[in-house]
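Reviewing the structure listed below.
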Amino acid sequence: MDRKQLLWQMGAEQFAAFDVQLYLDTHPHDRSALHLFHSYHRNHQRYKREYEAKFGPLSADAAINEPWRWVSDPWPWEREAN
Amino acid sequence: MFHYEKKLQYPVNIKNPNPKMAKIIITQYGGPDGELGASLRYLSQRYSMPYPELKGLLTDIGTEELGHFEMIGAIVYQLTRNLNIDQIKASGFDSYFVDHTTGIYTVAASGSPFDAFSYASKGDVLTDLHEDLAAEQKARTTYDNILRLCDDPDVIEPIKFLRQREVIHYQRFGEGLALATERLDARNFYAFNPSFD
């Protein structure tokens with residue numbers, strides 16, 4: 001996958017996990033929703049590790065390697081990032 | 001506390017600048033039913049919420065709204081790149097340009113700056129949840145109006161995403177209201193039950 005495809009896949013899993021998170025806030029005892037949340041969350045984490053290894057940190061605490069890539073362009077509001 | 005993640009919740013990649021459209025869409029940045037007011041509303045109301053599910057819901061939706069605030073900023077930013085003065089004059093963007101150049105500022109489409117009177121934090125569970133339900137519908141209507149005024153698919157896609165989130169938030173707040181109503185005094189069937197006493 002190129003950067004944009006990986007970003008889209010990661011974002012899709014992250015979004016699905018978050019949408020289930022909101023559902024769980026009002027249905028905290030729904031076990032099938034909790035399983036769904038874990039599954040989306042795991043997939044998101046897997047894509048995120050792959051993305052950060054290939055294309056740089058998504059959060060400042062993942063910017064552990066030299067040089068300091070946290071400030072590297074593009075930033076999310078720029079066309080090139082999307 | 002909050003952490004920044006260096007990505008948008010949904011991608012924004014707009015090929016063609018359009019300052020006229022920017023001047024309309026900026027209303028969701030700083031207008032009466034915009035994403036800034038939404039975030040401040042929920043992140044402020046959560047302190048006086050009596051139930052844990054509602055503290056969580058307001059925290060999570062208030063946080064998501066900050067991400068939407070960033071998406072609207074990205075849309076307006078990309079719609080106003082590489083403009084020349086003739087385009088600025090012809091599009092009606094000149095009245096914004098004179099104050100902000102192409103900087104991004106929290107204003108409504110009408111030009112009035114962000115006003116904290118556009119949201120309430122009343123310290124009462126029923127009052128605040130009804131405010132939230134109304135706010136989600138007002139934002140959904142605004143996105144419907146933006147879609148009526150917009151013909152660029154690069155803009156329509158992220159706006160449709162944001163519109164759909166208003167629908168989901170309305171659903172979740174409705175469930176939150178049901179949870180709160182169940183916990184009111186059963187004899188209080190007109191559903192007024194101040195959180196304060």
Side-chain angles (χ1 to χ4, degrees), chain A residues 1-30 33-34 37 40-41 44-45 47-64 68-82, chain B residues 2-17 46 49 51-64 67 69-82 104 129 154 157-158 161 164-165 167-180 182:
Chain A
M1 277 191 280
D2 68 17
R3 196 185 68 81
K4 283 186 187 184
Q5 287 169 328
L6 189 52
L7 183 69
W8 178 264
Q9 281 301 322
M10 175 182 67
E13 300 287 351
Q14 180 181 36
F15 172 73
F18 179 75
D19 203 35
V20 177
Q21 179 181 334
L22 293 187
Y23 175 85
L24 281 165
D25 288 348
T26 55
H27 303 79
H29 305 295
D30 187 327
L34 189 61
F37 175 78
Y40 288 133
H41 180 69
H44 169 234
Q45 291 301 313
Y47 283 124
K48 188 172 178 227
R49 274 194 299 276
E50 186 184 341
Y51 184 94
E52 289 186 317
K54 285 183 179 164
F55 304 112
L58 289 162
S59 57
D61 59 7
I64 45 169
W68 179 248
R69 288 183 70 190
W70 174 240
V71 290
S72 300
D73 279 337
W75 281 81
W77 50 89
E78 294 164 341
R79 271 193 77 195
E80 300 72 31
N82 299 284
Chain B
F2 290 90
H3 283 282
Y4 187 66
E5 190 165 312
K6 200 175 172 184
K7 68 184 283 294
L8 298 179
Q9 193 188 20
Y10 187 93
V12 174
N13 187 338
I14 300 166
K15 288 184 283 297
N16 302 312
R46 62 195 176 131
M49 273 293 153
Y51 307 124
E53 295 92 332
L54 294 172
K55 293 175 201 174
L57 191 63
L58 287 165
T59 299
D60 291 346
I61 296 181
T63 303
E64 185 183 1
F69 181 64
E70 181 183 40
M71 279 179 65
I72 294 291
I75 291 171
V76 174
Y77 166 69
Q78 292 182 24
L79 285 172
T80 53
R81 285 169 311 118
N82 308 318
I104 306 297
L129 285 172
D154 291 350
E157 279 309 306
F161 172 85
Q164 194 58 29
R165 298 310 293 157
V167 177
I168 294 295
H169 294 168
Y170 179 79
Q171 173 70 24
R172 298 283 93 87
F173 281 129
E175 292 157 2
L177 180 61
L179 283 171
E182 280 168 21

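Proteins get letters first, then strands, A, B, ... in listed order; numbering begins at 1 in each. Both backbone and side-chain heavy atoms feed into the values below; hydrogens, waters and symmetry mates do not.
- Ranked by heavy-atom pairs under 4.5 Å with chain A, the list B:Ile61, B:Leu8, B:Asn13 is led by B:Asn13.
- Within a 6.0 Å sphere centred on OH of A:Tyr40, other residues, nucleotides and ligands contribute 12 heavy atoms or fewer.
- Among the residues in residues 6-13 of chain A, those with a non-hydrogen atom closer than 4.5 angstrom to a non-hydrogen atom of chain B are A:Leu7, A:Trp8, A:Met10, A:Gly11.
- Heavy atoms of B:Leu57 lying under 4.5 Å from chain A belong to its backbone as well as its side chain.
- Proximity to chain A (any heavy atom under 4.5 Å) is shown, for B:Glu5, by both the backbone and the side chain.
- B:Phe161 touches chain A through its side chain: at least one heavy atom from C-beta onward sits under 4.5 Å away, while N, CA, C and O do not.
- Going from atom CG of A:Leu22 over to atom CD of B:Gln171 covers 11.5 Å, rounded to the nearest 0.5 Å.
- Side chain of A:Arg3 to main chain of A:Ala81: a donor-acceptor pair is present (N/O by atom type, distance under 3.5 Å, no hydrogens or angles).
- Of the two parts of A:Tyr23, the backbone and the side chain both hold a non-hydrogen atom closer than 4.5 Å to a non-hydrogen atom of chain B.
- Heavy atoms closer than 4.5 Å to chain A are found in the side chain of B:Tyr77, but not in its backbone.
- Looking at heavy atoms from C-beta onward, A:Arg79 lies in side-chain contact with B:Lys15 at the 4.5 angstrom threshold.
- The aromatic ring centroids of A:Tyr51 and A:Tyr47 lie 6.0 Å or more from each other.
- Taking 4.0 Å as the cut-off between side-chain N and carboxylate O, A:Asp19 and B:Arg165 count as a salt-bridged pair.
- Looking only at distances, no side-chain donor or acceptor of B:Gln9 sits under 3.5 Å from a matching main-chain atom of B:Gly67.
- A distance of 7.5 Å separates CH2 in A:Trp70 from CG in A:Leu58, rounded to the nearest 0.5 Å.
- Only the side chain of A:Gln14 comes within contact range of chain B, judged by heavy atoms closer than 4.5 Å.
- Remark: the B:Gln164 side chain and the B:Tyr10 side chain contain no N/O donor-acceptor pair separated by less than 3.5 Å.
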